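The structure presented is a predicted model; accordingly, all values stated were derived computationally and were not measured.
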Amino acid sequence: MFTKAGFYTFLYGERIGDAAAPPLLKLRSSNSFIIATIAIAVFTDIFLYSLVVPVLPFALTIRSGVPQKDVQKWTSVFLAVYGAALAVGSPIFGWFADRSKSRRIPLLLGLLALGGSTAMLAAGDSLGLLITGRFLQGLSAAVVWTVGLALLSDTMKKEDIGQAMGYMAAATSLGSLLGPLLGGIVYAQAGYYSVFAMGFALIGLDIILRLLMIEKSVARQWLPSEATTSTADSNSVAAQNQNETIPEAVADKSVEHVDPGLSSLPVESEKGSSTPKWLRKLPPVVTLLRIPRLLAALFGCFVTSNSLGSFDSVLPLYVQRIFHWNSTGAGLIFICLVVPALCGPIIGWFSDRYGSRALTTTGLLGSVPCWVLLRFVTYNSIGQKVLLCALLALLGLFMTMIMAPLMAEIDHVLTVEEKRKPGSLGKRGAAAQGYGLFNLAYAIGSLVGPLWAGFVIEKAGWGTMGWSLALLSGVAAVITFMWTGGRIMLKGGERRTGEDVVV
């Protein structure tokens with residue numbers, strides 16, 4: 001029977017009184033179940049975001065009375081609102097999640113926002129209501145990405161985090177694929193409300209999984225073996241802190257992989273810390289923003305998000321104008337862009353074993369010629385359609401080579417910083433705030449991308465949009481090559497001597 005103690009235990013993630021162990025505890029707290037739950041939450045968020053992408057140009061004119069000449073402008077604004085909400089919500093929810101006892105409460109609050117936003121988008125027949133619904137949808141996404149990725153960081157071993165993030169990238173790609181595809185087909189065949197019926201069904205599944213999932217920290221209260229392991233790990237960390245060094249022999253594999261030689265870096269004590277005293281009193285997110293390696297990863301995330309947001313804004317309208325496709329065709333064209341990203345887990349696996357520098361740099365450099373070659377898609381023919389599909393497929397593959405490794409890179413930066421300066425990221429660490437910054441960078445890209453592409457293509461044309469995004473990718477390739485995995489100039493003697501280096 002569900003007791004009062006059991007209810008509060010469920011809500012707060014801390015055993016209250018004599019609360020019995022939840023049913024199927026080991027299954028519901030297993031790595032596989034947690035990864036599946038967060039992946040479906042990410043899929044749901046991206047699916048509902050992209051569901052209206054091919055529908056929007058047609059629905060704006062019919063439901064909201066927007067003149068045809070203003071559709072491009074309002075499409076870009078509508079998509080950018082989502083990015084603005086994601087940018088506003090991510091740091092706030094990250095700060096809150098790192099201070100809450102359980103990740104469950106923020107995740108459930110995110111579901112409320114998601115349900116409300118979907119209802120607004122389904123019922124809205126004015127620009128004000130539609131934009132409000134889109135803003136709420138962005139806030140929900142901030143919770144899912146910030147808290148969900150932090151939960152993965154809490155759950156997974158550091159040497160496996162890249163593969164776990166690969167699954168998130170695959171879920172993102174699948175949502176990006178099925179959202180526009182089903183949105184366009186269902187809208188053409190069954191109308192506007194049927195599009196959102198799919199969304200409500202998916203939200204129902206998401207609710208069930210989020211309620212069933214049990215965090216590792218909660219499960220340890222009933223599983224003595226895991227609790228013992230956790231205590232032993234804590235004692236080991238405490239012993240390291242007392243010695244004020246991180247012996248190479250006990251350095252975990254992930255840090256050794258993330259930055260060869262960092263396992264022997266000295267641990268900063270509070271007295272000898274190079275961090276100003278006033279700065280140590282500020283939230284951990286301020287400390288994170290002083291790490292160039294993290295800033296490089298965030299810039300790479302911004303560039304990728306900016307590229308994806310650009311396509312969401314202009315691609316449906318461009319294929320409609322050049323190839324005379326309807327909403328179904330506008331949805332189907334996204335298949336070429338996102339199918340290659342389903343290999344995200346494989347790329348994450350490679351990132352775990354061989355590092356993220358080569359993958360991210362190759363992805364960014366490889367996308368440069370693809371962006372430039374888009375300028376040659378200018379008229380309606382079979383050859384032009386094949387060229388566009390091929391370029392989109394290559395861009396999809398290169399973007400996957402960027403995102404999964406950079407998502408894991410953020411976790412590695414947090415691990416290294418905590419080992420170098422124990423306690424500098426707070427008692428519970430700063431995983432949620434780190435991924436809150438990731439979301440902020442992604443959100444800024446989602447905000448800038450649609451506006452960038454929409455206004456550039458309106459003022460200077462499709463070709464100019466392509467080379468401008470190629471230039472941005474080239475700059476990002478240089479930055480990530482220099483800093484991803486640790487500053488490349490310090491791979492030699494400075495790291496071997498164990499000097500305090502910036503990572």
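Checked by atom type and distance alone, the side chain of Asn439 never pairs as donor or acceptor with a backbone atom of Ser90 at under 3.5 Å. Under a 3.5 Å cut-off, the side chain of Ser310 and the backbone N or O of Gly449 do form a donor-acceptor pair. Proximity of a side-chain donor or acceptor of Lys216 to a complementary backbone N or O of Ser29 within less than 3.5 Å is detected. Side chain of Thr304 to main chain of Gly300: a donor-acceptor pair is present (N/O by atom type, distance under 3.5 Å, no hydrogens or angles). For the pair Arg134 (side chain) and Val81 (backbone), a donor-acceptor distance under 3.5 Å is absent. The closest donor-acceptor contact from the side chain of Ser367 to the backbone of Leu364 lies under 3.5 Å.
In summary, the side chains of Trp452 and Ser468 do present a donor paired with an acceptor at a separation below 3.5 Å, with no hydrogens or angles considered.
Contact between Gly199 and Leu48 at its shortest, heavy atoms only, is CA-CD2, 3.3 Å. Looking at every heavy atom in both residues, Val143 comes nearest to Pro106 through CG1-O, 2.8 Å. Across Met156 and Ala164, no two heavy atoms sit closer than the pair CG-CB, 3.9 Å. Of all non-hydrogen atoms in Thr360 and Arg357, the two that sit nearest each other are OG1-O, 3.1 Å. Of all heavy-atom pairs spanning Arg293 and His412, the tightest one is NH2-CB, 3.9 Å. Across all non-hydrogen atoms, the minimal contact from Pro91 to Leu440 is CG-CD2, 4.2 Å.
Put simply, the side chain of Trp371 does not reach to within 4.5 Å of the side chain of Leu471, judged on heavy atoms. Counting heavy atoms from C-beta on, the side chains of Leu288 and Leu414 come closer than 4.5 Å. Counting heavy atoms from C-beta outward, Leu121 and Leu129 have side chains that stay 4.5 Å or more apart. Side-chain contact check for Ser473 versus Val303: some heavy-atom pair is nearer than 4.5 Å. Looking only at side-chain heavy atoms (C-beta outward), Trp74 and Ile131 come within less than 4.5 Å of each other. Looking only at side-chain heavy atoms (C-beta outward), Leu182 and Phe47 come within less than 4.5 Å of each other. The shortest distance between side-chain heavy atoms of Thr484 and Leu359 does not fall below 4.5 Å. Between Met198 and Leu202, the closest side-chain pair of non-hydrogen atoms is not below 4.5 Å.
The distance from the CD1 atom of Ile410 to the CG atom of Leu298 is 5.5 Å, given to the nearest 0.5 Å. The distance from the CD1 atom of Ile214 to the CG atom of Leu25 is 5.0 Å, given to the nearest 0.5 Å. Rounded to the nearest 0.5 angstrom, Leu86 CG and Thr146 OG1 are separated by 7.0 Å. With rounding to the nearest 0.5 angstrom, the CG atom of Leu388 is 7.0 Å from the CG atom of Leu374. The CZ atom of Arg28 lies 10.0 Å from the OG1 atom of Thr37; values are rounded to the nearest 0.5 Å. Between the CG atom of Leu392 and the CG atom of Leu315 there is a distance of 6.0 Å, given to the nearest 0.5 Å.
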> Please walk me through it: do Leu472 and Phe299 pass side chain to side chain contact (heavy atoms under 4.5 Å, CB included)?
Replying inline: CA-CA 10 Å; Leu472 181 65; Phe299 185 64; 4.1 Å; yes
> Are Ile161 and Thr415 close enough, and set up right, to give a side chain to side chain contact (heavy atoms under 4.5 Å, CB included), and what steps lead you there?
Replying inline: CA-CA 12 Å; Ile161 191 69; Thr415 300; over 6 Å; no
> Between Met120 and Leu130, does a side chain to side chain contact (heavy atoms under 4.5 Å, CB included) hold up when you go through it step by step?
Replying inline: CA-CA 7 Å; Met120 281 186 169; Leu130 290 174; over 6 Å; no
Using atom types as modelled, flag every donor-acceptor pair under 3.5 Å from a side chain in residues 394-406 to any protein atom, sequence neighbours excluded.
residue, atom, partner, partner atom, Å
Thr400, OG1, Gly396, O, 2.8

For residues 333-350, dump all side-chain donor-acceptor pairs below 3.5 Å to protein atoms at least two apart in sequence or in another chain.
none

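Sorted by first and then second residue, the pairs that involve residues 193-206 and meet side chain to side chain donor-acceptor pair (under 3.5 Å), not counting sequence neighbours, are Asp206-Arg210.
Listed by chain and residue number, Leu212 satisfy the side-chain contact (heavy atoms from CB on, under 4.5 Å) test with Ile208 (two or more places apart in sequence, or in another chain). Checked against salt bridge (charged side-chain N to carboxylate O under 4.0 Å, His left out), Asp45 has no partners two or more places apart in sequence or in another chain. In terms of the side-chain contact (heavy atoms from CB on, under 4.5 Å) criterion, residue partners of Ser153 (sequence neighbours excluded) are, by chain and number, Lys158, Asp411, Ala431, Tyr435.
Taking a 6.0 Å sphere around OH of Tyr318, one finds it holds more than 12 heavy atoms contributed by other residues, nucleotides or ligands.
Residue Tyr49 is tested with Tyr82, Phe43, Tyr442, Trp145 for a ring-ring contact (aromatic ring centres under 6.0 Å, His included); the sole match is Tyr82.
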